[in-house]
J.: 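What follows is a structure written as structure tokens; I'll ask about it next.
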Amino acid sequence: MRRSVIVCVITLAIIACGSDLKLPSAPGPLDDIGVLVGAGDIAVCGTGGSMATGRLLDAQPGTVFIAGDIAYPDGTAEQFRDCYDPAWGRHKDRTRPAPGNHEYGSPGAAPYFAYFGANAGPAGIGYYKYRKGTWQVFSLNSNTESGARMAQVEWLSRELDTPGASTCTVAYFHHPRFSSGSHGVVPPMPVVNEIWRALYAAGADVVISAHEHFYERFAPQTPDGAADSRYGIRQFIVGTGGAPLTQPVRRVANSETVLSTFGVLRLTLDAQSYRWDFLSAEGGAILDSGSGQCHGKPQ
């Protein structure tokens, strides 16, 4: 036990203090198709929602993202094997996940990192970046606290400020900054605020989260929730991967659409723009769609 603690402390110190150190990226997507498709809050054994969304993915090209809470209730190796793998496991090679709080029901989310291997980024860290066409994509860990939280935000800020970085940016992580659901009643965790501020300052375009078991789309806004059509980040909540659905408890500012149904978000990434389609698990019907333009840093 003592040896493990020492290793963790040393690892965090290296990440936090090495100003030129970059975490390894996850393996690049296996295709050149500028599409991200996926959801969060996925697999509960004995329920059928995750099987339906998994079948929906069969007809969708591109890279599969997961915005956390993958195998309920505790992210154990058995739950990944018995609940998640039959539903979405056949897409594992093209999946780039982010961890949710239920993955940390197992110490250190170890079964999550073991199941996805290099596709989850560096083991034990839970955040990484990759590219899709002209876009830079960040898979982040909204479960971090204290020193690990600081290390992630510092790394994110450095990567966003890298010379030659793409002008189009999307990030996904489990906990939403804004929500019309029950989780939105309490203040967001510090790491979520800090991630949003770093992304907004760098001119990021889209954030995808989950945690609430419904779909919600927001108009572009600042980290403080002010509408900002020029530089704001558009947030999607896509907690619709298969876990039992919930309903909103209110409608917060800038919320444009809420749907309580199983489905996946398809994000098509073009050179300087994007299009979204929310696809229902019932036959793949498009229930919400639209488009947006990439933008630079706030002036």
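Atom set for the values below is all heavy atoms of this structure, side chains included, hydrogens, waters and symmetry mates excluded. Given the structure is predicted, the values throughout are model-derived calculations rather than measurements.
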J.: Grab the two heavy atoms, one from A210 and one from P176, that are nearest each other, plus how far apart they are.
T.: O-CD, 3.4 Å
J.: Consider only side-chain N and O atoms of R96 and T63, and report whether a donor and an acceptor are under 3.5 Å apart.
T.: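 Result is no, nothing qualifies.
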J.: Atom NE2 in H102, atom NE2 in H174: separation rounded to 0.5 Å?
T.: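 H102 NE2 to H174 NE2: 6.5 Å, rounded to 0.5 Å.
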J.: Going through the distances and angles, do F116 and I70 end up as a side-chain contact (heavy atoms from CB on, under 4.5 Å)?
T.: CA-CA 11 Å; F116 288 107; I70 300 166; 3.9 Å; yes
J.: Any side-chain heavy-atom pair from R234 and D205 closer than 4.5 angstrom?
T.: no
J.: Evaluate the side-chain proximity of L36 to L269: yes if any heavy-atom separation is below 4.5 Å, no if none is.
T.: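 Touching, per the 4.5 Å side-chain cut-off.
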J.: Hey, could you give me the OG1/OH distance between T95 and Y84, rounded to the nearest 0.5 Å?
T.: 4.5 Å
J.: Would a 4.5 Å heavy-atom cut-off, applied to side chains only, mark F178 and S255 as touching?
T.: no
J.: Quick check: closest heavy atoms across R217 and D288, and the distance to 0.1 Å?
T.: NE-OD2, 2.8 Å
J.: Under 3.5 Å, side chain of T47 to main-chain N/O of A43, donor-acceptor pair present?
T.: no
J.: For residues V170 and V207, determine if any side-chain heavy atom of one lies less than 4.5 Å from a side-chain heavy atom of the other.
T.: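 Contact flag for V170/V207 side chains = no.
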J.: Ignoring hydrogens, what is the shortest heavy-atom contact between A204 and I233? Give both atom names and the distance.
T.: O-CG1, 3.5 Å
J.: State, to 0.1 Å, how close V35 and P61 come at their nearest heavy-atom pair, and which atoms those are.
T.: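 So the minimum-distance heavy-atom pair works out to CG1-O, 3.5 Å.
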J.: To the closest 0.5 Å, what do you measure between OG (S289) and CG (L265)?
T.: 11.0 Å
J.: If you round to the nearest 0.5 Å, how far is OH of Y130 from CD of Q136?
T.: 12.0 Å
J.: Linking I/L/V/M/F/W/Y whenever any side-chain heavy atoms sit under 4.5 Å apart, do V258 and F218 land together?
T.: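 No.
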J.: Any idea which heavy atoms bring I125 and F113 closest together, and the distance?
T.: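 The answer is N-CZ, 3.8 Å.
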J.: Any side-chain heavy atom of D161 sitting closer than 4.5 Å to one from K297?
T.: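 Sidechains of K297 and D161: in contact.
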J.: Classify the ring geometry between H213 and Y72 as parallel (under 30°), tilted (30 to 60°) or perpendicular (over 60°).
T.: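 Perpendicular.
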J.: Within the 3.5 Å criterion, strictly below it, is a donor on S209 or Q235 matched to an acceptor on the partner's side chain?
T.: no
J.: With the side chain counted from C-beta on, respond yes when V64 and K92 share a heavy-atom pair under 4.5 Å apart, and no when they do not.
T.: no
J.: Distance from D85 atom CG to R90 atom CZ, nearest 0.5 Å?
T.: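 It comes to 9.5 Å.
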J.: If you define the side chain from C-beta out and look only at heavy atoms, does anything of L57 sit under 4.5 Å from R94?
T.: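 Of all side-chain heavy-atom pairs linking R94 with L57, at least one is under 4.5 Å.
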J.: Which atoms form the tightest heavy-atom contact between A77 and P111, and what is the distance?
T.: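 So the two residues come closest at N-CB, 3.6 Å.
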J.: Determine yes or no for a side-chain-to-main-chain donor-acceptor pair under 3.5 angstrom, with D228 supplying the side chain and Y231 the backbone.
T.: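 The answer is yes, because a donor-acceptor pair under 3.5 Å joins these two groups.
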J.: Heavy-atom count check: over 12 atoms from other residues, nucleotides or ligands less than 6.0 Å from E282 CD?
T.: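 Check fails, neighbour count at 12 or below.
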J.: Going through the distances and angles, do H175 and N143 end up as a side-chain contact (heavy atoms from CB on, under 4.5 Å)?
T.: CA-CA 8 Å; H175 298 87; N143 303 277; 3.4 Å; yes
J.: Angle between ring planes, Y172 versus F65, binned at 30° and 60°: parallel, tilted or perpendicular?
T.: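 Judged by the thresholds at 30° and 60°, the geometry between Y172 and F65 is tilted.
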J.: Going by the angle between their ring planes, with limits at 30° and 60°, are Y127 and W155 parallel, tilted or perpendicular?
T.: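 Ring orientation, 0 to 90° scale: tilted.
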J.: Would S50 and W88 count as having a side-chain donor-acceptor pair, cut-off 3.5 Å?
T.: no
J.: Do V206 and W276 have side chains that approach each other closer than 4.5 Å (heavy atoms only, starting at C-beta)?
T.: no
J.: Once you round to the nearest 0.5 Å, how far does CG of D69 lie from NE2 of H211?
T.: 7.0 Å
J.: Distance only, no hydrogens: is a donor on one side chain within 3.5 Å (strictly under) of an acceptor on the other, for N141 and Y104?
T.: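 Checked: N141/Y104 side chains pair up, N/O donor to acceptor below 3.5 Å.
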J.: Are L287 and V238 grouped together when hydrophobic residues (ILVMFWY) are joined by side-chain heavy atoms under 4.5 angstrom apart?
T.: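 They do share one cluster, since a chain of ILVMFWY contacts under 4.5 Å joins L287 to V238.
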